[in-house]
Structure formats: structure tokens, C-alpha cells
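Throughout, numbering of the chain's residues begins at 1 and tracks the sequence.
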Amino acid sequence: MEPLRGADPARIAGYRLLRRLGAGGMGVVYLARSGGGSLAAVKVIRAAHADDPGFRARFRREVETGSRVANPWVVPLLDADPDAESPWLATEFVPGPSLAEAVEECGPLPYRSARVLGARLAEALEAVHGAGLVHRDVKPANVLLAVDGPRMIDFGIARPPEDTALTASGMVVGSPGFLSPEQAQGRGREIGPASDVFSLGCLLAYAVTGERPFGWGSAAEVLVRTVHDEADLDAVPAPLLPLLRDCLAKEPGARPGVSEVRAALDRAGEAGGWVPESLTRLIARRSAAVLALPAVEATEVSGAPAGADTVAGSQEGPKGATRRRLLVLGSTAGVVAAGATAAWWTAGRPRRAPAQGGGTRLAQQVVALHADLTGDQKTSGLAQENGVRLAVDHLNSRADRGFDLVLQVHDDAGSTARAQRIARQLSADDRVRAVIGPTTDACARAVLEQYRKALLPMVCVSVGLDGVSAARYRMYAATRPPDRFLAAPLVAHLVRTVRTRRTVLIDDAAEGDFSWELCAGVAQALRSGQRTTTRRTLAAEDDTADDFRALAESVTDWEADAVLFAGGHARAAKLARALRAAGYSGARLATQRALDSRFFTTAGDAAEGWVFATAFLDPTRVTAAKSFVAAYRHRFGAAPPWYSAEAYDATLFVARALTALGASLTERGPLVGRLRETDYRGITKRLRYTDSSTGYTTKAMYLFQASGGRFRFLGQFEDATT
């Protein structure tokens, strides 16, 4: 929910507007207060649609539909004017979250809660069907949760069964994942009350498992599975299975009626206290925030919109108002320009707060470091551990902090099996609010699903997973761009610095998809009349001197002026020696996967001049990290290694979100949401989420060069290649 904007009206008819609840293509939904003091959700249609007679007619039908349904578990229509210059309707405001939001923040509902939910929604659908209508859009986002039971909302596409205005043959209207097969196939004349029963079955399966019964993916994929595949009900509690299987029958005639569903679920006397404690607390917080809203007289400020304080609550706006936010990384340059806004988080090594003495003890918030501390990637893991420890010390030294940050450290040694055991342990520990890590891509993929089910934020520093769904894995936050973005600094160096004409791209099959995709991305970016690329593949089993000699000779025979190798340090070093022996003197590029001190040990003098693209920087060369570097040297007696400063930022990113929630935070789910509202300007980059579907920016990418037996930091790639 957001404050009103300058263009928003102050009043609609007899309702004083207080906040924005959501916005979509059709219009805006506002939180409003009536002249009598009661709260309402007011939907106002955009002018472009209001001028369309057909749209206005459809809106008029929505108003008529809403007025026909009266039931305690249906949000009632209070007032409407479909003929106004800006058509609007007002419904009762429910301060609780939607079912979708509740499952995301607090996890799946227990069986008892789901049974009450299903019985009440079946009763609501009885009223809908009794009014001669079919809801057609029964989904978690259209169910609000209150302390006394659920409420069904949104009759925008509800119609009588015989009405085909929105459901002509072949037209699919509704929300994939919660549509019946007849809806998914656009069989308009077959969409009746049984279609709502199918949707209710999907909704209940989601409520008790946190999973959509026909999976995730594109709308087309989900629709195909809905029509042809059986629902995945493996995680559904056994007592609920027979009913859900019946509800999800492919043929409408094989499904029970809503009265049968209600009879199977309903037990008299169970309404109050129907949700688990965690969800009760969430509803209570939202209700308390609503009670703090000003009286209608206090909002009547001439020439100004209602107050700007944010109000917690949930009411879905017009079609698609829910926002999906992805983490965006800004460059260090933006951090330096931020100035004082970063002072709280990036101040110099702070003084210790005085002892608490006999005062009130601060609450404790636990974060866990999940890292490779003894395996092949222990250098990165230990660097991250030290960075996290400095961040914890920094926060706990402040006299004005609201809580003490407590750190747990867990070593997976680079083993996916061990990583999964750690993930299960941390998921079961209710004290743990967030996880920093893991260190490696393989371990991150191995634990992603476990942390998702536990609603445990997983904030990764050195992991660059590609293809992770932001909708499904809301708890996953990578503070570096995905691997495929490493192509950007490599292309910039090739084009601007090398000015390449003939580039050999060497795909190292030992690196799997990463190498293939990187070479493909660079080849596409270099495609032009002036630049030519050719591709070579180094098989995973090719590791002899003869293999690398033949590869190097193919480079010189092709008269290349640049070589890009997408493999690790050991094979990059062998290639470097072979290229030197073959007399090649052109540009040589690789990625951070080859950026390892062991590269120098094997390559020797042949390492000189290689350029590497990375997603981490050298904090000793960054002005914004000066205080961090001093603190690191003081604490650990050495210069901070790669990824230590990024881990410091990741920890304080989480701490900023925890601070915003307050020391009374007792659930993980709200932190998942709060991270998406947090804008943290750190010493390495800016971390924030955006509505953009692109998700990431390549600004936080850098270049290093092998020089004199060490890796010299060249800087942010755009600055280093101009």
C-alpha cells in the first residue's frame, strides 16, 4: 500500500481517499473512509476505459453482479456509480492479507485451517451460484483472511452460465493455475458452477502445500498441464485427498457440488481462532495499522492529499496489481554519490556502545552464514565469513540499534549433501531469520527448494544462478548478477579496448551450461560486418598437453587477435602456456572462474596480461570501502579479500530490513516481503528491488588483469574500457 499521489483525487462521492491499495490496467483501488467513519475499498476506473461504452457496460454488469450476492463470507458491495464520469464501486475493506500473501509470508495452512477455509468459501460460492452466477476467478489473491473467517472478493468476470460475453469459444479468461479444464480450453458454454469447484480444489491444494497443483511456469505450460495432466497432490494431508481428487476431476459432471464440498468440510462451532498463531499476528498487525488511520476530519486538508504514512493491509487491485520485484544491483559509483544516506551503514569502525547494565535486554535476531569453509571454495567462503562478522560487530556496536544481531556459522565444505542437511537444520530452527550463502552455485541449487518451503530468506553473495523464478523463489536474493551477465564486461573489453576483429571463443565443456551460454552471448554481441568470431570446444576429457597444443595452434592458424576461454583456473593456465608456446601474442580473456592464485602457479610467465571479468571488486581500490578496509585490517591483520566486502553489504542489507520491521519481528515471511522494500546503499553496490522484469543491471561487473604475479583491479567495466 502506498500514499496518495499528486494526481489522485481527494474524494470520490461520499468517500475520503486515504491510501492507494493497488493499481492495474483498468484503474486504481483506494482505501477510503466514508462520512460515517467506516473504511472501504474504492475501485475507480481509468478515464481511457470510462470513455469506452463497451467497457462501461461490462463495469455496470460487475456492479449488478456484486449487488446480487449476499453472504457473510463475500465482501459486500457498499455503493457504486457506473455512470459517473470516472465509474467507481466501493466494497467493505478487510485489513487482513490475501491467501496468496499469507502463504508466502507464513507458509502453508494447517489442515484444520484449510478445512474451515474451504467450508466458508464453499458457502460463499453457494450464494454466488444461488444468485445465478459463476465466479470464474476463484484464486488465492481473491480471498482475504480475517480473524473470523475468509472473504471472497472480485466479481469482475463473474457471469451467469449462459452469458458468453467474456467467454466466447476459444477465449481463455481467468488466472492460469486455478482455472478449470473447460476454462483453460476456452469452452465458454461449458463453464458453470462445476468450474468454480475445480478452482476451489486448486486453491485448497495451494493453501495446504504452498504449491500450485498444476505446477509453475508460463501460462501456456500451466494450461496444458491443467487439461492433460493429473494434479500433483503428494503433499496434501491425507484427510483432504479424496475430496480434492473429486474436485479436480477433468469432467465437470464428475465433480461434487459446492454444497457437498461444504458438507464434507464443515463442522459447527469452528470459526474464531481458525488460523495459526503466526497468521493471527499478521492480521493483528494489519488491523492495528488501520486503527491508527486518522479520522475523516483529520484528512480534510485543503489542497493536499491524505497523509503519507504507509498503512499495512491487503486488497488486490484491478487485474495484475500485485508486483513482482527483482533485485537490482547498482555500481559503486552510485554508492559514492549517495553521500549521507549511507552513513548509518558505512560509517568508520564504530565505538562500542556502553554496557546495558540493569537496563532492558535487547531482542536478538539470528542470521546464519551457510558457506564452504573447508572445501575447494574455502577462500571465498572464509572471506564471506569475515565480512559477515564485521557487519555483525558494526551493527551491535551502535547505541541506537533496536536489537542484537546473532551469527550462526555452518560449513558445507562444498558438498551438496551436507548443504542440504544444513538447510534442513536451519529451516527447523525458528530463531534463524535469514541465511547468508551458500558459497557455490551447486550448493545453492541443492538448498533452494528447502529454504523456499521454510520461507527462509537466502541472500547469496557469490552465487550467480541463471533461470531462477522470482515468482516461485521470492526468498532468494542474489547480491550479484547472474552468470550470463559476465558476457557484458568481456564484450566491452573486446570492443573498446582490444578493438577485436577476429575472436576465438573457447567453450570448456567441463564447465557445463555456463561456458556454452557465455560463449553464445559474446558471439551474439560481437556479430557485425567488422568483427568475426569462431567457436572451439574443449571436451571435458581433453586435458593433455597435446590437447591444449592443438587448441592453441588452431588459434594462431585462424590469425585471431583475441581469445576468450570460459573455463576454470587449471585449464586456463594450461591454455596460457600452450598459447605462449604457439607464439600467440593477442588478447586473452577469461572469467572469475579462472581468477585463482593457482593460475599463476601453473601458467608462470604465460599468465601475464590475461584479463578477467568478475562480479566482485577489490575493496582496497574503492573509496566507499575505505573504513571497511581499515576495520578488516585491524580485526584480521590482512587486506580484505574478494567477496568479503560484498558479504558485509549483504548482511547489512538484511539488517536494514530487520530494522524496518522492528525488534518484535517473530516471523520469517514478513522479512521476505520487507527485503523487497529495502533500498540499501552499501560500500560495494546499491541493493534494491524493482518492478522491472529485467531484474538485474550489469553495472556491478568488474575487470581484473594478471600483472606481475598478481591480479590488478581495473575497475567497473564501463569505466575500465572507455
Side-chain angles (χ1 to χ4, degrees), residues 1-23 27-45 59 62-63 66-98 101-102 120 124 142-155 271-272 275 279-318 321:
M1 295 171 64
E2 301 174 354
L4 296 179
R5 300 177 185 176
D8 289 330
R11 179 183 291 278
I12 293 291
Y15 294 90
R16 175 69 181 181
L17 305 188
L18 303 175
R19 300 288 187 273
R20 276 181 166 235
L21 292 172
V28 182
V29 179
Y30 298 98
L31 174 63
R33 194 186 294 279
S34 71
S38 61
L39 293 173
V42 178
K43 179 193 291 189
V44 181
I45 301 304
F59 184 74
E62 179 178 353
V63 171
S67 65
R68 289 165 63 179
V69 181
N71 184 269
W73 315 118
V74 173
V75 173
L77 179 70
L78 301 177
D79 199 359
D81 189 352
D83 298 315
E85 181 178 355
S86 295
W88 60 272
L89 63 79
T91 63
E92 181 181 283
F93 176 70
V94 179
S98 70
E101 186 180 6
R120 298 296 176 262
N142 280 345
V143 174
L144 304 180
L145 304 183
V147 292
D148 61 342
R151 301 290 193 278
M152 184 172 286
I153 64 170
D154 200 340
F155 288 83
V275 293
L279 188 48
T280 300
R281 286 193 294 266
L282 176 59
I283 295 172
R285 288 197 302 271
R286 305 254 169 125
S287 299
V290 169
L291 289 174
L293 283 168
V296 67
E297 294 82 4
T299 68
E300 297 287 355
V301 180
S302 176
D309 295 337
T310 299
V311 179
S314 176
Q315 191 109 0
E316 187 183 54

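To the nearest 0.5 Å, the span separating CG on L89 from CD1 on I12 amounts to 11.5 Å. Separation of atoms CG (L17) and CZ (R33) is listed at 12.0 Å; rounding is to 0.5 Å. For the atom pair CG (L77) and NZ (K43), the distance works out to 10.5 Å, reported to the nearest 0.5 Å. Considering CG of N71 and CZ of R120, their distance stands at 10.0 Å, rounded to 0.5 Å. Note: D8 CG to L18 CG = 12.0 Å, rounded to the nearest 0.5 Å.
A search for side chain to side chain contact (heavy atoms under 4.5 Å, CB included) contacts involving P76 returns E92, not counting sequence neighbours. Residues that satisfy the side chain to side chain contact (heavy atoms under 4.5 Å, CB included) test with A84, not counting sequence neighbours, are D81, W88. Annotation: side-chain hydrogen bond (donor to acceptor under 3.5 Å, both in side chains) contacts of S86 (sequence neighbours excluded): none.
Heavy atoms only, all atoms of each residue included: A90 and V42 are closest at CB-CG2, 3.9 Å. Between R11 and R16, the closest heavy-atom pair is NH1-N, 4.2 Å. Of all heavy-atom pairs between V63 and A80, the closest is CG1-CB, 3.6 Å. Nearest heavy-atom pair, P9 versus L4, reported as atom, atom and distance to 0.1 Å: O-CD1, 4.4 Å.
Without hydrogens or angle criteria, R151 side chain to G149 main chain gives a donor-acceptor distance under 3.5 Å.
Evaluated for a side chain to side chain contact (heavy atoms under 4.5 Å, CB included) with I153, the options V74, N142, V143, T91 yield exactly one hit, N142.
Side-chain contact check for I283 versus P95: every heavy-atom pair is 4.5 Å or farther apart. Put simply, the side chain of L78 reaches to within 4.5 Å of the side chain of Y15, judged on heavy atoms. The closest side-chain heavy-atom distance from R19 to Y30 is not below 4.5 Å.
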